[in-house]
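Remarks on the structure that follows.
Lettering follows sequence order; numbering is per chain, from 1.
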2 protein chains.
Amino acid sequence: MNTKQRIASDLERSFASLGFAEQGVEALRGQADVSLRTLYKHFPSREAMIIGALQHRDAAYAEWLAGGPADGAAHVLHPLVRLGDWLGEVANTGCLFLNAWAEYPDSVAIAAVVKDHKARLADEFRLRLAHVAPGQDTGHLAETLFLLHEGMTQAARLQGREIAYEAAMHAARAALAAANIR
Amino acid sequence: MNTKQRIASDLERSFASLGFAEQGVEALRGQADVSLRTLYKHFPSREAMIIGALQHRDAAYAEWLAGGPADGAAHVLHPLVRLGDWLGEVANTGCLFLNAWAEYPDSVAIAAVVKDHKARLADEFRLRLAHVAPGQDTGHLAETLFLLHEGMTQAARLQGREIAYEAAMHAARAALAAANIR
DNA sequence: GGAAAAGTAGAGTGATCGCTCTACTTTTAC
DNA sequence: GTAAAAGTAGAGCGATCACTCTACTTTTCC
């Protein structure tokens with residue numbers, strides 16, 4: 001792993017646990033354990049540091065999602081199950097991407113990274129549905145699963161992970177059953 | 001309407017359209033068209049201004065939700081329909097409450113307002129379900145509708161309001177039909 | 001072995017921002 | 001009518017913050 005990637009990883013962990021607003025560049029420098037000059041060499045502005053952290057998480061989350069059962073409803077539900085695991089294992093401060101966007105609503109670059117990440121996530125459901133029900137129109141279903149994914153992320157902070165996970169899985173299974181995917 | 005409420009209304013509109021981070025106290029003062037001294041008299045810190053704006057929107061949203069068809073599935077779906085209207089009419093910058101929380105993750109007072117607002121929203125679904133299906137266990141269903149509500153809010157920014165609205169309504173109707181609520 | 005690249009430490013700078021304060025005017029209430 | 005309350009205008013303060021710069025050391029690579 002090169003220096004830039006290692007710093008990006010530290011930045012991601014730092015932003016995820018303490019949020020964006022509460023942390024200045026000096027604090028980030030400390031977490032990454034590099035000099036200010038090196039930090040700025042790889043990430044020439046605070047915004048670039050945030051983008052680097054988001055891109056790092058984007059890659060990590062894609063890896064986290066991969067795999068699971070090869071067929072049937074369980075194949076489609078796998079990303080939701082994994083999100084449930086994720087929410088249980090990492091500090092639950094909501095969606096890192098949406099939090100970043102909230103902090104920099106005018107940044108075109110950050111908005112692009114966020115939309116890109118979410119589009120890839122929505123595609124994940126489309127691909128898995130196409131694999132399980134080839135030829136079938138599953139557009140609505142993919143959207144529904146994406147809505148439940150986003151809802152679960154936020155609801156876990158508000159009402160507890162268990163409640164959000166149970167409700168999302170229950171609703172997702174019902175939606176798949178209604179489309180004869182079992 | 002007294003001065004404080006009028007200022008709170010201006011603050012809400014201001015935060016909603018330009019976000020939290022991008023706007024300092026001087027800009028807020030300008031939007032509310034009052035002197036700095038008066039602004040601080042009613043809201044003694046920037047955090048208090050944010051809380052005031054959130055409380056104002058909480059009340060406005062409760063009023064916005066009220067009413068709708070008196071019975072059947074349409075009674076339960078009414079809040080989702082209204083959210084669809086809301087997303088079409090106001091600048092869609094995501095959920096004001098979650099954005100505020102993202103900006104001040106350590107503020108106990110802000111977290112309390114956010115959780116309070118969301119709890120009231122979840123209760124809205126529970127109450128409407130209890131009205132339509134008295135005696136029936138609709139806990140899961142209420143959670144599902146809440147997830148779809150939260151998911152719709154975010155997905156509307158990411159994929160467009162129409163897609164998010166269609167998907168959420170479709171999923172919600174299916175969930176109600178599965179519980180024999182029509 | 002030596003030059004270039006990449007790193008460290010940390011002081012300094014300019015701008016911004018939340019908030020206070022002074023001096024003055026208008027409105028409200030009895 | 002008058003006193004208290006509430007408002008305006010806006011300069012100024014202290015702190016913070018993103019970012020730069022100087023001086024020096026270590027690592028890499030042919």
Distance, nearest 0.5 Å, that separates CG of L11(A) from CD of Q55(A): 12.0 Å
Starting at atom [atom1] of [X], determine the distance to atom [atom2] of [N], rounded to an integer number of angstrom.
X       : N       : atom1 : atom2 : value
E47(A)  : dC17(D) : CD    : P     : 18 Å
E26(B)  : dA11(D) : CD    : P     : 11 Å
E103(B) : dC17(C) : CD    : C1'   : 14 Å
I50(B)  : dG18(C) : CD1   : C1'   : 12 Å
F20(B)  : dG18(C) : CZ    : P     : 13 Å
D33(B)  : dG10(D) : CG    : P     : 13 Å
N2(A)   : dA6(C)  : CG    : P     : 12 Å
K4(A)   : dA6(C)  : NZ    : P     : 13 Å

E124(A) bridged to R128(A) by N-O distance under 4.0 Å: yes
Examine [N]: is either OP1 or OP2 under 4.0 Å from a nitrogen or oxygen in the side chain of [X]? Give yes or no.
X      : N       : result
S35(B) : dG10(D) : no
R37(B) : dT8(D)  : no
T38(A) : dT8(C)  : yes
H42(B) : dG7(D)  : yes

When you group the ILVMFWY residues by side-chain heavy-atom contacts below 4.5 Å and let the links chain together, are W101(A) and L18(B) in the same group? no
Are L176(A) and V81(A) connected in the hydrophobic side-chain network, where two residues link if heavy atoms are under 4.5 Å apart? yes
Closer to the 5' end of DNA chain D via nearest nucleotide, is it E22(A) or L36(A)? E22(A)
Between dG7(D), dT20(C), dC19(D), which one does the side chain of Y40(B) approach most closely? dT20(C)
Among dT8(D), dA18(D), dA6(D), the one nearest any side-chain atom of K41(B) is dA6(D)
Whether R161(A) engages the ring of Y165(A) as a cation-pi pair (distance to the six-membered ring centre under 6.0 angstrom, angle to the ring normal within 45°) should be assessed. yes
